[in-house]
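Single-structure report; data block below.
FYI, side chains are in, hydrogens and waters are out, and symmetry mates aren't considered; it's all heavy atoms of this structure. Here the structure is a predicted model, which is why all the values come from computation and not from measurement.
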Amino acid sequence: MVASAAVAGVSLTAHQRNILAGVNAGASSLSFVGSGFIVLCYLLFKELRKFSFKLVFYLALSDMLCSFFSIVGDPSKGFFCSAQGYSTHFFCVASFLWTTTIAFTLHRTVVKHKTDVEEFEAMFHLYVWGTSLAMTVIRSFGNDHRHLSAWCWTQSGLAGKAIHLLTFYMPLWGAILYNGFTYFQVIRMLNNATRMAVGMSGQPYASDARDNMRALNRWGYYPLILIGSWAFGTINRIHDFFEPNHKIFWLSFLDVGMASLMGLFNSIAYGLNSSVRRAICERVDKYWPEGLKRWLPINFKYKALTQESELVLLSTDGQR
């Protein structure tokens, strides 16, 4: 996240760079807390340790580490500074690659009616971590490791900027297009199933289809997270490629802020689903004093939760 904004700060004033550094630190802290919460839920609640939520765990872990390295980088220490830039790039690439594995798993389960998604876990790890490592190594070519405010590397010349676009923004928009196409197919499939269920006399079938559509209506927004997080960054990179001596502060501001918030957006959309809320509310209902429970919002009361499960389409534990 910090690395993605490196070029933007080259010709900005010291005051503007300090503002961007503060925005990055604040937004990255929010992403770190949100992603850390999902990681903590996965480690504490055994009922969440299914393959369906395991992919969300790896996504949150990547976001958390990416945010961590964005926060702790110290430009006064050369080795740590370089480690910050490379680590941030590595885990940020891994983050959006994990979203493609979730989309692939959902598509294979819903559209192709396959129950063998857990067999792909090793391949997912090879794909995500291997691609992230390759992109990070290639990204090091053309880097000028200078200390510039909060950013620990900059791309020198057109070659370095082209490598940046090649190793980050091309895979990013490839992931966005893949996710969008995949979720479109899944939603179209469930739309057809819903229309068929409505025409059937059996009410349970229609009810199940509506539950699936409620889950997919939320999942359909997932590709928009990456678009919202990186649209300004992409525009900023393209603008810098063609106009390297003319920086736009407000565009850099939106670039840094939205990119640093990606972990928070992912944790809310992917992590805070009905399964997580149910696990939390079950503990609250079990351990909290009765006098405090009545002050909780109705949505956080265990008895008020419906039995919908946004991850049921991915879960194969009950199909073994």
Side-chain angles (χ1 to χ4, degrees), residues 1-4 6 28 31-32 34-36 38-43 48-73 79-80 82-108 116-143 152-153 163-179 182 222-223 225-226 229-230 233 259-260 262-267 269-271 314 316:
M1 297 177 187
V2 177
S4 72
S28 296
S31 292
F32 180 81
S35 302
I38 302 303
V39 171
L40 191 63
C41 288
Y42 178 84
L43 297 176
L48 295 179
R49 297 176 190 174
K50 301 177 181 179
F51 180 75
S52 55
F53 199 78
K54 185 183 293 186
L55 298 179
V56 178
F57 163 73
Y58 289 129
L59 169 62
L61 182 63
S62 299
D63 284 330
M64 185 181 73
L65 293 174
C66 181
S67 301
F68 173 78
F69 285 106
S70 294
I71 297 170
V72 302
F79 173 78
F80 197 56
S82 300
Q84 176 214 20
Y86 288 117
S87 300
T88 303
H89 185 268
F90 176 85
F91 288 110
C92 193
V93 173
S95 172
F96 64 72
L97 290 181
W98 278 117
T99 66
T100 63
T101 65
I102 296 174
F104 172 84
T105 304
L106 181 64
H107 180 271
R108 188 168 181 83
D116 58 349
V117 289
E118 294 188 36
E119 299 176 5
F120 290 87
E121 182 176 359
M123 187 178 298
F124 287 162
H125 283 285
L126 180 62
Y127 154 69
V128 172
W129 304 124
T131 304
S132 301
L133 179 60
M135 295 298 101
T136 304
V137 171
I138 297 174
R139 174 76 186 276
S140 66
F141 303 147
N143 278 341
C152 298
W153 60 3
I163 291 176
H164 187 187
L165 292 172
L166 177 67
T167 59
F168 187 84
Y169 287 95
M170 284 188 61
L172 169 69
W173 285 98
I176 291 174
L177 292 175
Y178 174 80
N179 289 350
T182 300
Y222 287 179
I225 295 175
L226 290 178
S229 297
W230 294 107
S260 299
M262 181 182 67
L264 179 64
F265 296 151
N266 283 335
S267 64
Y270 287 89
L314 291 178
T316 60

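Taking the side chain as every heavy atom from C-beta outward, Leu97 and Tyr58 never approach each other to under 4.5 Å. Within the 4.5 Å cutoff, side-chain heavy atoms of Leu226 are placed close to those of Met262. Within the 4.5 Å cutoff, the side chain of His164 has heavy atoms near those of the Arg139 side chain. Side-chain atoms of Glu121 and His125, non-hydrogen and from C-beta on, do get closer than 4.5 Å to each other. Contact of the Leu106 side chain with the Thr182 side chain is not registered, since no non-hydrogen atoms from C-beta on lie closer than 4.5 Å. Counting only heavy atoms from C-beta outward, the side chains of Tyr42 and Leu61 never approach each other to under 4.5 Å.
Among residues two or more places apart in sequence or in another chain, the ring pair (Phe, Tyr, Trp, His ring centres under 6.0 Å) test is passed with Phe96 by Phe168. Residues forming a salt bridge (charged side-chain N to carboxylate O under 4.0 Å, His left out) with Glu119 (at least two apart in sequence, or on another chain): none. With sequence neighbours left out, the side-chain contact (heavy atoms from CB on, under 4.5 Å) criterion links Leu133 to Phe90, Val137. Judged as a side chain to side chain donor-acceptor pair (under 3.5 Å), and not counting sequence neighbours, the contacts of Thr99 are Asn179. Judged as a side chain to side chain donor-acceptor pair (under 3.5 Å), and not counting sequence neighbours, the contacts of Thr100 are Tyr127. Residues forming a ring pair (Phe, Tyr, Trp, His ring centres under 6.0 Å) with Phe104 (at least two apart in sequence, or on another chain): Phe120, Phe124.
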Worksheet item: Hey, mind stepping through Val93 and Thr136 against side chain to side chain contact (heavy atoms under 4.5 Å, CB included) and telling me if it holds?
Response: CA-CA 9 Å; Val93 173; Thr136 304; 5.6 Å; no
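What you find for Ser35 and Gly263 is that their closest heavy atoms are OG-O, 3.5 Å.
Atom CD1 of Ile225 sits about 8.5 Å away from atom CZ of Phe265, to the nearest 0.5 Å. Residue Trp98 holds its CH2 atom at 9.0 Å from OG of Ser132, rounded to the nearest 0.5 Å. Summarising the geometry, atom CG belonging to Leu59 is positioned 4.5 Å from atom CG belonging to Asn266; distances are rounded to the nearest 0.5 Å. Here the NE2 atom belonging to His89 is positioned 10.0 Å from the SG atom belonging to Cys66, to the nearest 0.5 angstrom. Taken from OG1 in Thr131 to CG in Leu126, the straight-line distance is 7.5 Å, to the nearest 0.5 Å. Here Phe91 contributes atom CZ and Tyr86 contributes atom OH; the two are 15.5 Å apart, rounded to the nearest 0.5 Å.
In this structure, Phe32 and Phe68 have tilted ring planes: the angle between them lies in the 30° to 60° band.
A donor-acceptor pair is defined here as one N or O able to donate and one able to accept, closer than 3.5 Å; no such pair exists between the side chain of Ser95 and the backbone of Asp63.
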